[in-house]
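Each remark here refers to the structure printed beneath this line.
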4 protein chains.
Amino acid sequence: MTSRFGTSFSISTFGESHGHSVGVIVDGCPPRLDVDIDRIQQDLDRRRPGQSKLVTQRKEGDEIQILSGLHDNTTTGTPIAMVVKNKDQNPGAYDHLKDVYRPSHADFTYDAKYGVRDHRGGGRSSARETIGRVAAGAIARQLLETGPGIEVLGWVSQVHTIDAEIDPSSVSLQDVESTPTRCPDPAAAEAMTDAIKTARSNGDSLGGVVTVVARNMVAGLGEPIFDRLEADLAKAMLSLPAAKGFDVGSGFAGTRLTGLAHNDPFAPGPIGRPVTTTNHSGGVQGGISNGSDIICRVAFKPTATISSNQQTVTTANEATELAAKGRHDPCVLPRAVPIVEAMMLLVLADHWLRQQATSVLDS
Amino acid sequence: MTSRFGTSFSISTFGESHGHSVGVIVDGCPPRLDVDIDRIQQDLDRRRPGQSKLVTQRKEGDEIQILSGLHDNTTTGTPIAMVVKNKDQNPGAYDHLKDVYRPSHADFTYDAKYGVRDHRGGGRSSARETIGRVAAGAIARQLLETGPGIEVLGWVSQVHTIDAEIDPSSVSLQDVESTPTRCPDPAAAEAMTDAIKTARSNGDSLGGVVTVVARNMVAGLGEPIFDRLEADLAKAMLSLPAAKGFDVGSGFAGTRLTGLAHNDPFAPGPIGRPVTTTNHSGGVQGGISNGSDIICRVAFKPTATISSNQQTVTTANEATELAAKGRHDPCVLPRAVPIVEAMMLLVLADHWLRQQATSVLDS
Amino acid sequence: MTSRFGTSFSISTFGESHGHSVGVIVDGCPPRLDVDIDRIQQDLDRRRPGQSKLVTQRKEGDEIQILSGLHDNTTTGTPIAMVVKNKDQNPGAYDHLKDVYRPSHADFTYDAKYGVRDHRGGGRSSARETIGRVAAGAIARQLLETGPGIEVLGWVSQVHTIDAEIDPSSVSLQDVESTPTRCPDPAAAEAMTDAIKTARSNGDSLGGVVTVVARNMVAGLGEPIFDRLEADLAKAMLSLPAAKGFDVGSGFAGTRLTGLAHNDPFAPGPIGRPVTTTNHSGGVQGGISNGSDIICRVAFKPTATISSNQQTVTTANEATELAAKGRHDPCVLPRAVPIVEAMMLLVLADHWLRQQATSVLDS
Amino acid sequence: MTSRFGTSFSISTFGESHGHSVGVIVDGCPPRLDVDIDRIQQDLDRRRPGQSKLVTQRKEGDEIQILSGLHDNTTTGTPIAMVVKNKDQNPGAYDHLKDVYRPSHADFTYDAKYGVRDHRGGGRSSARETIGRVAAGAIARQLLETGPGIEVLGWVSQVHTIDAEIDPSSVSLQDVESTPTRCPDPAAAEAMTDAIKTARSNGDSLGGVVTVVARNMVAGLGEPIFDRLEADLAKAMLSLPAAKGFDVGSGFAGTRLTGLAHNDPFAPGPIGRPVTTTNHSGGVQGGISNGSDIICRVAFKPTATISSNQQTVTTANEATELAAKGRHDPCVLPRAVPIVEAMMLLVLADHWLRQQATSVLDS
């Protein structure tokens, strides 16, 4: 089950960086959802290479093609298959990587696992795999809007040592998209731009943090025990290339508070249900949404591909040196935003559908 | 699938805090594993209440009973069912919680999800549910020792603002068990003990971080894309009560390094395979183990149950005040250690079994 | 996943014939279902040994004990664990089977698969495993009654060469329970009784067919393609000990009709939907229920345990002879009826819950 | 999970009859399997329309295109995506079916389930969906040959009232392919050909039975309890369009034998393991393969599409008449053979991979 995610709303991705195409099957999307295909493309455009000078210059239009599951632009309840062809292929460009393991990449571990690997552009471990996630997430986004009305938005909140200040309850998509960094704090965004450009010119790379929020949440989503909402979100985020950490609500910082400061007091709410007056819980209590905003942070390590010389080893276990050539991202954060959003959308759509079976005896 | 975890080595837990018993079914454990039942009990004893003055004084022996799956203390390949009876029940002690929502607990969210809840001791959301995980983890531990030889050890690395210094490659179980805090840094352990006692006497509580390491790892475990080793570990850890964050290797701290500093150089290794000279990756690259130690950190919020007065709301949405009575942990960290270990053991056992199908054509 | 069945309404069974107990966890039962525990016991009593002279005389009360998941006899949405203790154990009675393979039993195949087996009473392959299925099915029965109003009833329609004539649309539970054969055709029942007694006195055994019907069905249950309703029913039934065949509607007999005779014409129905004027489809078309009765047949081979001498082989691959001693069923059909019902109930409850996610956008 | 099948070796299919394409993702195929793509095409050619005068004349080359998962014609362990484009589309040809329910088709049940359907050529319920199964099965075939050496072969054993006599242990692919009926009994094949032609000219259709055998089996495959080998085979076969019954070994006929006649005696076998001297069990005992040939039968109803007039109902619940126009199969049996083989191949490949985890502690 290596390439499948989700239970009721599930996706299966396929494809290698320099194979014919990459794609996804979405299984379990409810019927009679009107799908705006342009909006799928918009999310893909936020993810695709070449969109700004801060990211890799690989030339890919990443145009989505829908093979099944829609009839007159409406879902029929059957699997929705979507593909994007790989166009800017230059397989020969990777010949020098056939017999060498790039540091902190998946080259060695794929060989250790499979005894074989497609060395062209990282093969299956390429971030191009996330195209299918973003396309599927764009459908989940439309489902969540049509159904419970949940909205999901992410942004870059940290690059290297530069921290942004953003109010998760009010930041807008327009704010996020107003700079190529996708950091809606203008001063921080400018500093991030400079830092990324400097890193690139130094043959170096940067990491950082994406924050993502779900607003207008409904209470009651998430399964207690193993499929807790935060557990499924954690898995979703740590399944992304280069992700090394996840927290929700107060997260790691909250471990330095005491219980008195950390607990979220309840107050009577307007629709007969309590609301919390603070949100250290990040919208999830006991693994289940409480109706407050869900706020998560995802840590991405600095890009492994750098153009400086590095010590490494050949597939024959002999020492060698390597410097990356060609196109790559000096910092994945700006392009990671729509991918992180997609993963949260997929988790929420799945749990919203799962909850239907739980609430079936509601009168 | 709320209460099931794992694919090839899977567990299903059941039971409420004040019901008849709590327990687990382990499904998929290979046959012909000799099981030392005393060692299962030892892990449960590290988790159980009343083991020291730092933890809750609920009186539970937590004696494991095995209902199926073993024959002459050997696994037969059939499901292993294990139960622990709940003994120290005082159901009347919870009458005052029937109509009130405790802040930062799962009371409200269970009601929002299910429209009903067992209010006695948190019902299903009680940490007693983790007994089944620890018992199952103890079997996974013996499987991993008998099979690939992997060992897993956890410890408390932070309580509130007190940080410990521990070398993950050399710390021993004896070091960890030498203080009731399960922090193997003696100076930090003493400060933690004081802090926990102070918090308790203040009607307050503390959170912190558990670090866990897998040593003597084999390379090649973990499925790329969704069931990455770090993704399954993240889910495992965030599925624990009070867990709010997870990272692996350099984690959140690594986002402040550059790629040149962060990448793990490869050097020729002794058995025809490369080794890394640093371990910022935390033993996982591209979702797959590379043979280095796997090092993870799990953030636990301060215990929600405190004896100070708090603002909250009744189930009728009216404001009220609440102060916890009776037995509870002022800091869950010491008891969390065997639980965190169990989750890592379950993930590794599962992926070790899954890898058998992948490597079937190895000659 | 050897011992787990179902997706949204799922069960996990455990236990060996001569271990401590057998049992089941039901996961996914919706909250706020009032459960009548006496009715669970009633279904178990229909399955248990010793209920008549036609079945095995092993003495087991098979009293159900509920460990979790209910609060004040109402489901809470958490896993429902149920166990039955094994009482009439006489482990020494099986010593002569330790080193020999009983013909057409699972002794050899368990050894081939696991390299070890619990030889006492068939171990895990014993029909005692079905206790958990029947208990879980009894909860599914109450869910289907409370929810969509579906009812399920089975009966013995054939023993050896004796065929009964029964009208699936009108036969009642009382009819079925009126004879120890559970065949509601009195003449056939009497002949079956004689045949079973004769077989027993000959040291022989008989097989036959159980027919099962779901009435008051709703249309729209079942997932097209792999999880078709008839596919999941087929799997459910073939997962039973001694089951060797399954058909639905006209089944194997229908292959001898032509399309003109076999097709079920539609006629305008009373509630704005078509009805079929015949039911060769057995209530399922394209894998999805059409609202007509679902009618299935399950073939059970003659009991493998017979008291006559048989040629067989030791675990050391040497020829030997074997004759069964002690208690066994000369014909499993009467006791198979509640088990077959349970499997159909589990499949229908599961698909009814699954359908909730599909119909979520219904206005 | 409507469109996914299998656990360790799993497939996900997608596509509608008159959409862009149909296809499949194979997930879990072990790495380093050399794949002969021509042999995939050969199995598809046995399934495709227009191959003889006995089947539908829809013009489809059904050329397979591989999008991912192979590198230099070797599996890499990543998902293998395969598609076939739909070419002979004439969407207007289905306008008359938009508002009417064809008897014994899935038109009404899809509407009952989804509230929407793609009426063109049956949409998702078309047998074109099975292209993905056959392509995936062709890979499973090569895996089983390379690995355990298992071979699978199917044939038509009955059409309408014509029964063939075939020896499952010796019949060859050449025998099967020597007539367009795929019935290797020449006299029966001739009678079947005549019967099918007569049915077509009468505006009628025929059903029948496909028998399939797995030879050179290994013992130990299949999981006891729910994922029994025969249970998974039953599900696999009943998931096929028009399938209404399944049996294994003696099946329904065996219910008319007594235990003495039915039990398969063991005799000492040549490799230190017993063999059975008869095979009423059909190669499976207790849900697990015993090394003998696995023999199954699958009942297919007469084709629902016939050109004679039939009574039916419109989507507005009004009576109407309908006669099929255009291209369809008067008897699906000949084309069903490679599909039935594919389903058995998929089940066996899956269980062979699953067994690797079970046998991991074998020394």
Side-chain angles (χ1 to χ4, degrees), chain A residues 2-3 5 101 103-104 106 108-109 112-113 125 161 204-205 207-209 219-220 223 225-228 230-231 234-235 238-239 244-249 251-252 254-256 258-260 262-266 268 272 274 281 285-286 288 290 299 301-304 306 308 311-313 317 319, chain B residues 2-3 5 101 103-104 106 108-109 112-113 125 161 204-205 207-209 219-220 223 225-228 230-231 234-235 238-239 244-249 251-252 254-256 258-260 262-266 268 272 274 281 285-286 288 290 299 301-304 306 308 311-313 317 319:
Chain A
T2 170
S3 290
F5 184 78
Y101 293 131
S104 290
F108 165 63
T109 52
K113 181 173 196 69
S125 74
T161 57
D204 207 346
S205 67
V209 173
E223 303 284 331
I225 315 307
F226 298 115
D227 296 352
R228 289 171 182 246
E230 64 249 88
K235 170 158 180 167
L238 265 294
S239 79
K244 299 303 273 187
F246 167 87
D247 64 11
V248 56
F252 278 96
T255 62
R256 297 182 184 270
T258 74
L260 264 170
H262 190 273
N263 277 0
D264 294 317
F266 280 121
S281 299
Q285 291 174 330
I288 303 168
N290 66 1
K301 68 174 185 179
T303 318
I306 53 179
S308 297
Q311 298 299 318
T312 192
V313 161
N317 199 32
Chain B
T2 172
S3 290
F5 184 79
Y101 294 131
S104 290
F108 165 63
T109 52
K113 182 174 194 69
S125 74
T161 56
D204 208 347
S205 66
V209 173
E223 302 285 330
I225 315 307
F226 297 115
D227 296 352
R228 288 172 182 246
E230 63 250 88
K235 171 160 180 164
L238 266 293
S239 80
K244 300 304 274 186
F246 167 87
D247 64 10
V248 55
F252 278 96
T255 63
R256 296 182 184 271
T258 72
L260 263 171
H262 190 273
N263 278 358
D264 294 318
F266 281 121
S281 300
Q285 291 175 330
I288 304 168
N290 67 1
K301 68 174 185 178
T303 318
I306 53 178
S308 298
Q311 299 298 318
T312 192
V313 163
N317 200 31

Problem - 4.5 Å side-chain heavy-atom contact, A:S104 and A:K301 - result: yes
Practice task
Could you check if a side-chain atom of A:F246 sits within less than 4.5 angstrom of a side-chain atom of A:K235, using non-hydrogen atoms only?
Solution key: no
Exercise for the section: Calculate, to the nearest 0.5 Å, the distance between atoms CD and CZ belonging to B:Q311 and A:F266 respectively. Expected result: 13.0 Å
Fill in the blank from the handout: Scored by heavy-atom pairs under 4.5 Å with chain A, the best of B:I225, B:V313, B:V209, B:D247 is B:I225
Problem - Among the listed options B:G207, B:G286, B:P103, the residue most often paired with chain A at heavy-atom distances under 4.5 Å - result: B:P103
Exercise for the section: Sort B:S308 into side chain, backbone, both or neither according to what part of it lies under 4.5 angstrom from a heavy atom of chain A. Expected result: side chain
Problem - Heavy-atom contact with chain A under 4.5 Å, split by part of B:I306 - result: side chain
Handout entry: Salt-bridge contact A:E230-B:K244 (side-chain N to carboxylate O under 4.0 Å)
Key = yes
Could you have a look at [options] and say which one has the most heavy-atom pairs with chain B under 4.5 angstrom?
options: A:G208, A:P265, A:G254; result: A:G208
options: A:S239, A:G272, A:A319; result: A:S239
options: A:A106, A:G245, A:A231; result: A:A231
options: A:P274, A:S205, A:G251, A:A234; result: A:P274
options: A:G249, A:A219, A:S125, A:A299; result: A:A299

Handout entry: Main-chain N/O of A:T109 paired with B:N290 side-chain donor or acceptor, under 3.5 Å
Key = no
Problem - Any donor-acceptor N or O pair under 3.5 Å, side chains A:D204, B:T258 - result: yes
Exercise for the section: Could you verify whether a donor N or O on one side chain and an acceptor N or O on the other, from A:S281 and A:D264, lie under 3.5 Å apart? Expected result: yes
Practice task
Counting only heavy atoms closer than 4.5 Å, note whether A:Y101 contacts chain B via side chain, backbone, both or neither.
Solution key: both
